[in-house]
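Presented below is the structure to which this report refers.
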Amino acid sequence: MKLTGAQVLCQSLIEEGVEVIFGYPGGVVLPLYDTLPQYPQLRHILVRHEQGAAHAADGYARVTGKVGVCLATSGPGATNLVTGVANAFLDSSPVVAITGQVARHLIGRDAFQEIDITGITLPMTKHNYLVLDTGLLARTVKEAFHLARTGRPGPILIDIPRDVFEEKVEFHYPSQVDLPGYKPTVTGNPLQIKRAARLIAEAEKPLILAGRGIMISGACEELAALARAQQIPVVTTLLGIGCFPEGDELSFGMLGMHGMAYANMAVSQADLIIAIGMRFDDRATGRVNGFAPNARIVHIDIDPAEIGKNVRVDLPIVGDVGAVLKVLNKQLEPAKNMAWFRQLDDWRRKHPLDTDGEGDVLLPQYVIEKIDEVTKGEATIVTGVGQNQMWSAQHYCYNRPNSLVSSGGLGTMGFELPAALGAKIGRPQDTVWCIAGDGGFQMTLQELGTIAQEQAAVKVAILNNGYLGMVRQWQEMFYGKRYVATPITCPDFTKIAEAYCIPALNVKTREEVVPAIKKAMAEPGPFLINFQVEPEENVYPMVAPGAALDEVIEKPKKGGS
Amino acid sequence: MAATKHTLVALVADRPGVLNRMASLFRRRGFNIDSITEGHSEIPNLSRMTIVVDGTATMVEQVRKQLDKIVDVIKVTDITGPDIIARELALFKVKAAPANRSEIMQIVDIFRAGIVDVSQNSVIVEATGDEEKIDSLYELLRGFGIKEMARTGRVALSRGGPPAEKPSVRKKKKN
């Protein structure tokens, strides 16, 4: 039987196990939207801006491990997706973005709402397609999902002209893909793994740097086995948070610009770094030529192009980290580096994080700590970018994989609310907290409308300091306290929430914090709390840009203590 | 580490936009490309590209691996070394009055090049060879006045053996 292109697309999405599409209709995708009701298994969530669709698909993908799907019309619909697609690209998130395109005979003629979206997204997608032959649509969808979710995951964009949606073709969904140019290396080189085992046996101060690749690979247990067999301390990247329980005594938190002082000291002192599923981002390494000066570096990653891209690597292993760790773990002899562990433990005791302000001030760190307490560390935390993100990373104790959802590589303000929506849709049984700053929240707050319409029980905590806080902090520390364009006024966020029929609270004092969080949790639907926090609180510890990781600036000690 | 010229050979799908994907990669990662040529390969629907990159071994390895990540790129091999045949085609439109035509022809003969067009005031010289040969010929012809020049950039194959970049014998990624 012949199907229209729109039906082919829907059937193909169902074949790929898609349940949710975050989208926004428009002219050229009308034939597709008209077809959607024939496929009730595809739940369409109407966002308020296409950027929100891409971020929601990204958040959905990160918490479920499935491919997130977003959909937009041609022209401005497509360009609005771009930030979200770029965000998914830099954080290796499996997203399939579908855009409508003007009809084939109009392509290249600057037709109404025509834009070259495959050209635009070329440097920020793992691959993209413009479907000019309706007969190739099913195969294209098959390839797109395969590419998005395998190897190093990433976003794939499929641009579909309007008349392709309408043209009738024979539907046959391929069972296999044929991509001769795409064969990710899964199994690690056994010789290299053997060498790694030897380096681990020889090391006196080994340290694991764990990234999100571990969670993508589903290798958290293998990681834990490696760490525990050898008593190797584990430090994570921002996106690696959750791959190893932070409550474990072998967990030494996050490294990098706002990493724990003891984590950064550990990197600087280690004689062996085992970097797993991470890519040595500059925010994680600090000044590269001062990075881990005493260590040999083993780098395990599925993307060969990451090996040696940013830091020198002594022993590379290309492969799926789970597959590699399974083999590596079999070759390890139990050993305990207790002296090294005690050293790190001692640093950890001497450099605790401070969450108490002076007197009655409400510190943002305190808010995060209380959300941790009330949710017993079991919530999924979705953050914005900046100070709120760093405090969320530092002060919540993450014990589950993918329990922190954050824009790491692109650093996209406004990611938090739509991504939290996507996370909640993906994991409806989870408590999802969106931790926002007052700046980033104003970038995508229209998605409150989507949250209200879907009755998605996202709990929003705004750490409101009246500044674009992280930029203000840099102005304070590196630009002579000249606060240019960082003081920002806010609407009354509780009134905004109420306008969307979302209950909300203002919190100004420490005493109000826990009751407010509990009230939000008791509410069956969405809830918003505006925390009026200390305006000029800074994120510490900090490694200044261009400094090495051992040059940590810690929070100034309170007077007298 | 010293920068040297490397010859990369890529087998790519013969699809619209492939060159664009590669060019975009060079631009955004700041790789400097000396030349890039593309044409059909011996396999239907696949093109073979020759890319000349000037850079350190580390940088060129990064170029190779990044190119290899492009889905339409089947395989990229760095064939730099003594065991390659590298050629370039050049066309020179040289000013040539009847008086000095024979002198030009002598030079052309020495270089085993050919004259493919003659007009009132100029000749077109066609030459094939490695870059050094083309450069030397250019230096000699320059004295007569070169009105136009077109060079293809390097095309290269490795000597003997199976093609290094055949998809069927795709080597395991070096670690």
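Because the structure is a prediction, the values reported are computed rather than measured. Every heavy atom of this structure was used, including side-chain atoms; hydrogens, water molecules and symmetry mates were not. Every chain is numbered from 1, with letters handed out A, B, ... down the list of sequences.
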Exercise for the section: Verify the ring-centre separation between F280(A) and H299(A): is it less than 6.0 angstrom? Expected result: yes
Handout entry: Under 3.5 Å side-chain donor-acceptor pair for R154(B) and T50(B)
Key = no
Practice task
Side chain from CB out, backbone as N, CA, C, O: work out which of these in L147(A) comes under 4.5 Å of a heavy atom of chain B, or both, or neither.
Solution key: side chain
Handout entry: Ion pair check, R151(B) and D135(B), cut-off under 4.0 Å
Key = yes
Handout entry: H6(B): ring-ring contact (aromatic ring centres under 6.0 Å, His included) partners, not counting sequence neighbours
Key = none
Exercise for the section: Would you tell me whether T412(A) and N87(A) have side-chain atoms, one donor and one acceptor, within less than 3.5 Å of each other? Expected result: yes
Problem - Within-4.5 Å side-chain heavy-atom neighbours: T99(A) and I158(A) - result: no
Handout entry: Donor-acceptor side-chain pairing of E143(A) and Y182(A) below 3.5 angstrom
Key = no
Exercise for the section: Decide, yes or no, whether a salt bridge links R15(B) with D72(B) under the criterion of side-chain N to carboxylate O below 4.0 Å. Expected result: yes
Problem - Neighbourhood of chain A inside residues 22-30 of chain B, taking heavy atoms under 4.5 Å as contact - result: S24(B), R28(B), R29(B)
Exercise for the section: Below 4.5 Å from any heavy atom of chain B, which atoms of D301(A) appear? Answer side chain, backbone, both or neither. Expected result: neither
Problem - Among the listed options Q66(B), K69(B), Q62(B), R21(B), the residue most often paired with chain A at heavy-atom distances under 4.5 Å - result: R21(B)
Problem - chain B contact via I307(A) - side chain, backbone, both or neither, heavy atoms under 4.5 Å - result: both
